[in-house]
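For reference, positions follow the sequence shown, starting with 1.
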Amino acid sequence: MSNKYQIVSPTANGSYTLPVSMLQEYERCYVSILFFTDATLTTQATPSAGTVKVTLSPDGVNFYTMDNGSFNAADAYHESRPKPSAASMAVQGKVTYSGVTGASHAVVTFERF
C-alpha cells in the first residue's frame, strides 16, 4: 500500500510545502513532477530553464535534499533523469523553484511506500 501527497503551486521563485503532514510509518519516498502552462492545470508544459530542488523533513523543520532531488527543470521529462527518492522517515516535503521558465505551475507528487 502507498500514500500520495501533492504540492500544487506556481513555479515562481520560492519554496512550497505539502499542505498536510505525511504519515511517518512509510520508509520510502519517490517524487514525480508535472509542469503546466496555466493555473487550471489543463495544458502540460516542458520548462525551458530553471532548477527544481525537492527536500524532505523528518521533523517538519529541518529539510534535506533527496537523492536526485536537485535537477534542471528542462530535464524533468527525460527518461534518463532518475526520480528523486529517499529511504528515510519524513513528515513533510518541500519543492523549491529557481528561474523556471516555460511553465507557470506544477504538481509535485510525493509517493510513500
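Legend: side chain to side chain donor-acceptor pair (under 3.5 Å) pairs involving residues 8-36, not counting sequence neighbours, sorted by first then second residue: Ser15-Thr96. Residue pairs meeting the side chain to side chain donor-acceptor pair (under 3.5 Å) criterion with at least one partner in residues 79-94, sequence neighbours excluded, do not occur; the list is empty. Counting only residues at least two apart or in different chains, side chain to side chain donor-acceptor pair (under 3.5 Å) contacts with residues 102-113 comprise Ser2-Glu111, Gln6-Thr109.
Tyr5 pairs in a side chain to side chain contact (heavy atoms under 4.5 Å, CB included) with only one of the listed residues (Val20, Val31, Val108), which is Val20.
Phe71 is listed as a side-chain neighbour of Pro84, based on a closest heavy-atom distance under 4.5 Å.
A distance of 7.5 Å separates CD1 in Ile33 from OH in Tyr77, rounded to the nearest 0.5 Å. Between the CG atom of Leu41 and the CZ atom of Phe36 there is a distance of 5.0 Å, given to the nearest 0.5 Å.
Residues satisfying the side-chain contact (heavy atoms from CB on, under 4.5 Å) criterion with Ala73, sequence neighbours excluded, are Phe35, Pro47, Val52, Val100.
Ala74 and Ala49 make their closest contact through CB-N, 4.3 Å (heavy atoms, listed as atom of the first residue, atom of the second, distance). When every heavy atom of Ile7 is checked against every heavy atom of Gly93, the shortest pair comes out as CD1-O, 4.0 Å.
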Side-chain donor-acceptor contacts of residues 55-67 below 3.5 Å, not counting sequence neighbours, with atom names and distances?
unit_1	atom_1	unit_2	atom_2	d
Ser57	OG	Asp59	N	3.3
Ser57	OG	Asp59	OD1	3.0
Ser57	OG	Gly60	N	2.6
Ser57	OG	Val61	N	3.2
Ser57	OG	Asn62	O	2.8
Asp59	OD1	Val61	N	2.8
Asp59	OD1	Asn62	N	2.8
Asp59	OD2	Asn62	ND2	2.8

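Asn3 places no side-chain N or O within donor-acceptor distance of the main-chain N or O of Met22, the cut-off being under 3.5 Å.
Two different hydrophobic clusters hold Phe113 and Leu23 under the rule that ILVMFWY side chains link at heavy-atom gaps under 4.5 Å.
Residue Met89 belongs to a hydrophobic cluster whose other members are Val91, with links defined by side-chain heavy atoms closer than 4.5 Å.
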